[in-house]
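All values below were derived from every heavy atom in this structure, side-chain atoms included, with hydrogens, water molecules and symmetry-related copies excluded.
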Amino acid sequence: MSEAASVTLADVEAAAARLAGQVLDTPCVESKTLSQITGSQVFLKFENLQFTASFKERGALNKLLALVAARDAGGAPLRGVIAASAGNHAQGVAHHAQRLGLRAMIVMPLTTPAVKVERTRGFGAEVVLHGEGFDEAQAHALQLARQHGLAFVHPFDDPLVIAGQGTIGLEMLRAQPELDTLVIAVGGGGLIAGVATAARALKAGLRIIGVQTARFPSMVNAITGSTHPQGTSTIAEGIAVGEPGRLTRELVRRLVDDLVLVDEGLIEQAIVMLLEIEKTLVEGAGAAGLAALLKEPERYAGRKVGLVLCGGNIDPLLLAAIIERGMVRAGRLARIRVGARDAPGALARITAAVAEAGANIEEVHHQRAFTTLSVQNAEVELVLQTRNHAHIDAVTARLRAQGFEAQAY
């Protein structure tokens with residue numbers, strides 16, 4: 001029997017027993033608003049409510065508890081643990097190693113968001129920043145593990161880690177047994193491999209769909225034989241894995257029905273929707289499942305779909321940019337260029353017209369030199385707070401009615 005085949009429902013249930021009382025059994029509830037928007041009945045599993053704001057601590061703790069048990073049973077001394085991670089696995093390992101009194105060293109890519117680096121250090125771990133991505137960080141972590149005699153805790157390609165993540169599947173089907181579809185984010189594959197192991201055993205006819213960012217399609221390429229190009233960065237850095245796991249790949253091939261790719265814009269949109277509608281904060285990876293529903297709503301129409309909000313550790317500056325871009329897409333933030341005679345009172349007339357149309361001015365840029373207009377004219381660029389795209393059209397119409405050249409862009 002292969003090592004992948006040895007990850008069974010019994011392993012996941014054993015992990016659930018170990019983890020009981022040490023991680024949250026997070027809510028799995030219906031979102032009525034998202035259900036109306038997508039045309040499917042959407043249930044959200046709030047793993048962003050874990051202490052480290054990610055599902056990753058489930059697998060990490062299951063592995064650490066097994067290492068401690070082996071040590072206590074007379075096995076080899078446990079000098080500490082080391083992990084490579086873009087952030088969430090790092091925090092899970094660091095937090096629970098601290099709880100268990102273990103030394104923890106974490107290797108993180110140089111591009112890891114500062115919020116994840118500082119939070120990991122806050123759990124008492126020794127943080128080493130190395131490499132441009134996960135694969136380089138992992139190679140360095142393995143080298144350090146040999147040098148310092150530390151036990152390596154893989155973020156996804158380990159049976160105990162996979163079993164720990166699979167406890168999410170147990171909880172989802174216990175809370176919502178009517179679920180008929182699961183849409184799960186995929187990076188290295190630990191989450192979907194564990195969830196699929198549990199869910200498929202409990203409900204054979206369940207549809208399981210994996211979602212990757214189009215910029216890191218490694219699992220899609222590995223399973224389907226496609227050659228989608230790989231990018232260098234993504235807002236879903238938690239699933240930015242260049243090479244999927246060997247164990248997870250085998251489980252995904254056997255248990256997952258399909259894999260889909262979503263682009264950055266859809267992930268951004270999903271982050272903003274979850275923040276506005278559910279009042280919950282997720283990172284890019286945590287929004288990937290909803291992004292898949294937004295991409296192909298007809299595929300899930302009428303189905304009872306479970307999504308895992310797998311993480312909520314997002315850089316505040318990135319979040320601010322995503323919210324602002326989301327407002328632009330929704331027509332709630334607009335930029336309008338107005339051409340006017342460069343004469344006293346012209347700007348006052350422009351702002352009065354905007355006020356009459358019910359928009360609020362956020363920024364004004366008055367341009368004389370860098371414009372193609374006549375030397376007697378000036379160009380005024382307005383950034384406005386508006387209600388929607390129709391409201392933007394109404395504002396530009398009001399400006400034109402006042403004799404100004406106006407165009408939204």
Side-chain angles (χ1 to χ4, degrees), residues 1-20 25-31 35 38-45 47 55 58-59 62 156-212 219-220 222-224 244-260 288-290 292-293 296-310:
M1 180 182 291
S2 71
E3 192 173 5
S6 69
V7 183
T8 65
L9 176 61
D11 296 317
V12 178
E13 290 173 334
R18 286 191 203 97
L19 301 181
D25 182 341
T26 54
C28 183
V29 295
E30 182 184 1
S31 170
S35 297
T38 62
S40 54
Q41 196 172 357
V42 179
F43 296 84
L44 304 176
K45 177 68 168 166
E47 283 298 290
F55 78 98
R58 292 174 181 263
N62 195 43
F156 49 83
D157 210 27
D158 181 291
L160 287 162
V161 171
I162 293 168
Q165 321 304 25
T167 58
I168 294 171
L170 294 181
E171 293 174 10
M172 292 181 77
L173 288 175
R174 182 169 62 239
Q176 305 293 345
E178 71 277 18
L179 287 172
D180 57 36
T181 305
L182 299 179
V183 183
I184 309 292
V186 179
L191 174 60
I192 196 168
V195 170
T197 295
R200 188 69 76 199
L202 294 172
K203 196 169 184 178
L206 200 70
R207 283 174 60 182
I208 303 174
I209 310 296
V211 187
Q212 288 203 289
M219 186 68 81
V220 172
I223 298 299
T224 68
R246 181 176 58 85
L247 305 181
T248 57
R249 190 181 324 183
E250 187 175 335
L251 285 164
V252 168
R253 182 177 284 113
R254 183 158 54 85
L255 300 172
V256 174
D257 294 297
D258 196 12
L259 294 165
V260 299
L290 178 57
L293 264 65
E296 299 178 287
E298 68 285 348
R299 180 175 191 172
Y300 307 97
R303 301 190 72 87
K304 294 177 172 61
V305 182
L307 307 180
V308 180
L309 307 184
C310 55

Closest heavy-atom pair and its distance - [X], [Y]:
X: C310; Y: A185; result: SG-CB, 4.3 Å
X: L170; Y: A198; result: CD2-CB, 4.0 Å
X: V256; Y: G210; result: CG1-N, 4.0 Å
X: T8; Y: T197; result: C-CG2, 3.7 Å
X: V183; Y: A292; result: CG1-CB, 4.0 Å
X: L247; Y: P159; result: CD1-CD, 3.6 Å

Could you measure the distance from the [atom1] atom of [X] to the [atom2] atom of [Y]? Nearest 0.5 Å is fine.
X: L307; Y: L179; atom1: CG; atom2: CG; result: 9.5 Å
X: L19; Y: D25; atom1: CG; atom2: CG; result: 11.0 Å
X: T248; Y: R253; atom1: OG1; atom2: CZ; result: 10.0 Å
X: Q176; Y: K45; atom1: CD; atom2: NZ; result: 10.0 Å
X: F156; Y: I192; atom1: CZ; atom2: CD1; result: 14.0 Å
X: L290; Y: L44; atom1: CG; atom2: CG; result: 8.0 Å

**OP:** Apply the salt bridge (Lys or Arg N to Asp or Glu O under 4.0 Å) test between D257 and each candidate in R207, R200, R299; give the one that qualifies.
**Re:** R200

Subject >> side-chain contact (heavy atoms from CB on, under 4.5 Å) evaluation trace for V252 with L259 >> reply: CA-CA 9 Å; V252 168; L259 294 165; 4.3 Å; yes

Original post:
Can E47 and L191 be said to form a side-chain contact (heavy atoms from CB on, under 4.5 Å), step by step?
Top reply: CA-CA 12 Å; E47 283 298 290; L191 174 60; over 6 Å; no

Subject >> Side chain R18, main chain N62, donor-acceptor under 3.5 Å >> reply: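 A pair under 3.5 Å: no.
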
Subject >> Test side-chain contact (heavy atoms from CB on, under 4.5 Å) applied to V305 and T38, L293, L182, I209, the passing residue >> reply: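 Exactly one candidate clears the test, L293.
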
**OP:** In sequence, state the C-alpha distance, the side-chain angles, and the governing distance for L202 and R174, and then conclude on side-chain contact (heavy atoms from CB on, under 4.5 Å).
**Re:** CA-CA 10 Å; L202 294 172; R174 182 169 62 239; over 6 Å; no

**OP:** Determine, step by step, whether V195 and Q165 satisfy the side-chain contact (heavy atoms from CB on, under 4.5 Å) criterion, reporting the C-alpha distance in whole Å, the side-chain angles of both residues, the deciding distance to 0.1 Å, and the verdict.
**Re:** CA-CA 7 Å; V195 170; Q165 321 304 25; 5.6 Å; no

Subject >> Basic-acidic side-chain contact under 4.0 Å: D180, R303 >> reply: yes

Subject >> Side chain to side chain, V211 and I184, heavy atoms closer than 4.5 Å >> reply: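 V211 vs I184: side chains apart.
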
